[in-house]
**Q** 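Dropping the structure in here first, questions after.
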Amino acid sequence: MDQEAVSLLRMAAVTGERALVLGGGGVTGIAWETGILHGLAEAGADLTEADLFVGTSAGSVVATQLAGGVPLADLYASQLVPPDGEIPARLTAWMVMRYALSYVMPGTSAQKRARLGRAALKARTPSEADRLAVFASRLSIQDWPERALKVTAVDTADGKFVAFDRDSGVPLVKAVASSCAVPLVWPPVTIDGRRYMDGGMRSVANADLAAGYSRVVVVAPLTRSISPAGTPAGQLARLGVPSIVVSPDKAALAAIGSNLLDPARRKPAAEAGRVQAASVAEAVREVWN
């Protein structure tokens, strides 16, 4: 088992009832997650009533707004608006290969992530200031909510995994932007003199951050992982509590398309998520209600 996962489980105490974990998956992941959460609420499984929200990468955007009380209907409606001047990006095959090389080479989990972090710092990307402006305009709230929220990121220098929360003293917009800073695509984000990248570089969902909660639902656009931290399902199995992982079905995958970072796929991804909700609602209710 990944050493960080062992530490999380050892520190866990029963702290609450229900945790909602939202994983990474680009702009289409934000859309699909929003759609399926909206559909689940319509079907009687309102996951916005969670005691803890955990957000990684795309999931940090959704988790932050839900923890802040933004209505799901409003978030869903925002995903149906055509992209206006948004810059599409692409995670190329070369970038994926670079990620894989970082993890297969010898070293601890943190050392492997630091290897990727060094590459992220050297990559030619849009400016950090421009990306922060995007998140300032994208988020409906600008300050940490009262409800429990964890936003994940990775330090590019030493590969340390962090989970920012209200007590971290980190501006919310910077925390979310760092969690979404896909290495080699977007610039790492500076926080207190250090540079942070996508929390998905440790795990696509970091579901083990829900340790201590008695019921856990993971909504994850991506479920496979080459990281030592393991898959969302594997992390949940180690928690040993009633749980479920919800991921895109065949129709949703087709709607999302091959480029997770394409804003033009946002509307079909959101609509597919809403439709898919009906097929998983009963299983989610059994865990949640």
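When reading the values below, keep in mind they use all heavy atoms of this one structure, side chains included, and skip hydrogens, waters and symmetry mates.
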**Q** For the backbone of Ser258 and the side chain of Arg265, can you confirm whether one donor and one acceptor N or O come within less than 3.5 Å of each other?
**A** no

**Q** Applying a strict under-4.5 Å side-chain criterion to I, L, V, M, F, W and Y, I'd like to know whether Leu236 and Tyr213 cluster together.
**A** yes

**Q** Is it possible for you to say whether Trp186 and Val173 belong to one hydrophobic cluster, with membership spreading through side-chain heavy-atom contacts below 4.5 Å?
**A**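 Different clusters.
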
**Q** Going through the checks in order, is the side chain to side chain contact (heavy atoms under 4.5 Å, CB included) test met by Phe135 and Cys180?
**A** CA-CA 10 Å; Phe135 283 93; Cys180 295; 3.4 Å; yes

**Q** Compare every heavy atom of Thr56 with every heavy atom of Val204, then report the nearest pair and how far apart it is.
**A** O-CG2, 3.9 Å

**Q** Taking Lys174 for the side chain and Ile191 for the main chain, is one N or O donor matched with an acceptor at less than 3.5 Å?
**A**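 Checking the backbone N and O of Ile191 against the side chain of Lys174, no donor-acceptor pair under 3.5 Å is found.
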
**Q** To check you understand the geometry: which heavy-atom pair defines the closest contact between Arg131 and Pro187, and what is its length?
**A**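 In terms of heavy atoms, the two residues are closest at CG-CD, 3.6 Å.
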
**Q** For Glu282, I'd like to know if atom CD has over 12 heavy atoms of other residues, nucleotides or ligands within 6.0 Å.
**A**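 Not buried by this count: 12 neighbours or fewer within 6.0 Å.
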
**Q** Determine whether Met197 and Leu184 make a side-chain contact, defined as any pair of heavy atoms from C-beta on separated by less than 4.5 Å.
**A** no

**Q** Shortest non-hydrogen contact from Ser203 to Gln235?
**A** OG-NE2, 3.2 Å

**Q** Would Thr34 and Gln79 count as having a side-chain donor-acceptor pair, cut-off 3.5 Å?
**A** no

**Q** Would you mind checking if Asp46 and Arg285 are paired as a salt bridge, meaning a charged N to carboxylate O distance below 4.0 Å?
**A** no

**Q** How far apart are the C-alpha atoms of Arg202 and Asp208, what are their side-chain angles, what is the distance that settles it, and do they pass the salt bridge (charged side-chain N to carboxylate O under 4.0 Å, His left out) test?
**A** CA-CA 11 Å; Arg202 189 255 174 179; Asp208 43 6; 2.9 Å; yes

**Q** Hey, does Phe161 have a side-chain heavy atom less than 4.5 Å from the side chain of Met201?
**A** no

**Q** Check whether any side-chain heavy atom of Thr108 sits under 4.5 Å from a side-chain heavy atom of Lys112, and report yes or no.
**A** no

**Q** Salt bridge (Lys or Arg N to Asp or Glu O under 4.0 Å) with Asp155: which of Arg118, Arg194, Arg195?
**A** Arg194

**Q** Could you go step by step and tell me if Val151 and Trp144 meet the side chain to side chain contact (heavy atoms under 4.5 Å, CB included) rule?
**A** CA-CA 11 Å; Val151 174; Trp144 286 93; 4.0 Å; yes

**Q** Are Val182 and Tyr196 in one and the same hydrophobic cluster, where Ile, Leu, Val, Met, Phe, Trp and Tyr link if side-chain heavy atoms are under 4.5 Å apart?
**A**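 Val182 and Tyr196: separate clusters.
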
**Q** Does atom CG of Asp74 have more than 12 heavy-atom neighbours, drawn from other residues, nucleotides or ligands, at distances under 6.0 Å?
**A**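 For Asp74, atom CG is crowded (more than 12 foreign heavy atoms under 6.0 Å).
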
**Q** What pair of heavy atoms forms the shortest contact from Val241 to Ser214, and how long is it?
**A** CB-O, 3.5 Å

**Q** Would you say Arg98 and Ser102 are linked by a side-chain donor-acceptor pair, where the criterion is simply a distance under 3.5 Å?
**A** yes

**Q** Report whether Val287 and Val21 are members of the same hydrophobic cluster (ILVMFWY, side-chain heavy atoms less than 4.5 Å apart, transitive linking).
**A**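 No; tracing contacts between hydrophobic side chains, which count when under 4.5 Å, never links both residues.
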
**Q** Going by atom types alone, do Trp32 and Gln276 pair a side-chain donor with an acceptor below 3.5 Å?
**A** yes

**Q** Please tell me if the side chains of Val218 and Ser243 come closer than 4.5 Å, counting only heavy atoms from C-beta onward.
**A**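 Side chain of Val218 against side chain of Ser243, heavy atoms only: no contact under 4.5 Å found.
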
**Q** Test Leu20 against every option in Val62, Asp51, Leu66, Val216 by the side-chain contact (heavy atoms from CB on, under 4.5 Å) rule and name the one that passes.
**A** Leu66

**Q** Say you draw a straight line from CG of Leu72 to CG of Leu40; how long is it, rounded to the nearest 0.5 Å?
**A**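 That separation rounds to 9.5 Å.
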
**Q** Tell me which pairs pass ring pair (Phe, Tyr, Trp, His ring centres under 6.0 Å) where either residue lies in residues 47-93, with sequence neighbours left out.
**A**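 The answer is His38-Tyr76.
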
**Q** Given Lys160 and Val154, is the side chain to side chain contact (heavy atoms under 4.5 Å, CB included) satisfied, shown in steps?
**A** CA-CA 6 Å; Lys160 181 181 179 180; Val154 168; over 6 Å; no

**Q** Between CD1 of Ile141 and CG of Asp143, what distance do you get to the nearest 0.5 Å?
**A**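 Answer rounded to 0.5 Å: 8.0 Å.
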
**Q** Is there a continuous path of hydrophobic side-chain contacts, each under 4.5 Å between heavy atoms, that joins Leu172 to Val134?
**A**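 No.
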
**Q** Return yes if some donor-acceptor pair links the side-chain N/O of Arg113 with the main-chain N/O of Gly159 below 3.5 Å, else return no.
**A** yes

**Q** A side-chain contact here means heavy atoms from C-beta on lying under 4.5 Å apart; do Thr152 and Val162 qualify?
**A**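 Thr152 vs Val162: side chains apart.
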
**Q** Enter the distance from Asp198:CG to Thr156:OG1 here, rounded to the nearest 0.5 Å.
**A**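 Between atom CG of Asp198 and atom OG1 of Thr156 there are 12.5 Å.
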
**Q** Hey, could you give me the CG/CG distance between Leu75 and Leu80, rounded to the nearest 0.5 Å?
**A** 11.0 Å

**Q** Between the main-chain N or O of Trp288 and the side-chain N or O of Arg215, is there a donor-acceptor pair closer than 3.5 Å?
**A** yes

**Q** Start with the C-alpha distance between Met105 and Gln111, add both sets of side-chain angles, then the distance that settles side chain to side chain contact (heavy atoms under 4.5 Å, CB included), and finish with yes or no.
**A** CA-CA 10 Å; Met105 293 175 67; Gln111 288 170 340; over 6 Å; no

**Q** Looking only at heavy atoms, what is the nearest atom pair of Ala220 and Pro248, with distance?
**A** O-CD, 3.5 Å

**Q** As an exercise, state the distance from CG of Asn206 to OG of Ser57, rounded to the nearest 0.5 Å.
**A**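 So the CG of Asn206 and the OG of Ser57 are separated by 10.0 Å.
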
**Q** Sub-3.5 Å donor-acceptor pair from the side chain of Ser178 to the main-chain atoms of Ala153, do we have one?
**A** no

**Q** For Ser140, does its backbone N or O pair with a side-chain atom of Gln65 as donor and acceptor, under 3.5 Å?
**A** yes

**Q** Contact between Lys150 and Leu52 at the side-chain level, heavy atoms closer than 4.5 Å - yes or no?
**A** yes

**Q** Just so I know, are the side chains of Val27 and Leu260 near enough to count as touching, which here means a heavy-atom distance under 4.5 Å?
**A** no

**Q** Does any N or O in the side chain of Asn289 come within less than 3.5 Å of the main-chain N or O of Ala45, such that one atom is a donor and the other an acceptor?
**A** no

**Q** Can you check whether Val170's main-chain N or O pairs, donor with acceptor, with Ser168's side chain at less than 3.5 Å?
**A**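 Pair absent, no side-chain N/O of Ser168 close to backbone of Val170.
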
**Q** Is it the case that the side chain of Arg266 and the backbone of Pro82 share a donor-acceptor pair, with hydrogens and angles ignored and the cut-off at 3.5 Å?
**A**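 A pair under 3.5 Å: no.
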
**Q** Say you draw a straight line from CG of Leu22 to OG of Ser60; how long is it, rounded to the nearest 0.5 Å?
**A** 9.5 Å

**Q** Apart from Leu121 itself, what residues make up its hydrophobic cluster when side-chain heavy atoms of I, L, V, M, F, W and Y under 4.5 Å apart count as a link, directly or indirectly?
**A** none

**Q** Identify the heavy atoms of Ala58 and Gly26 that sit nearest to each other, and give their distance.
**A**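 Nearest pair, atom of Ala58 first, then Gly26: CB-O, 3.3 Å.
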
**Q** Can you tell if the side chain of Phe164 reaches within under 4.5 Å of the side chain of Leu149, non-hydrogen atoms only?
**A** no

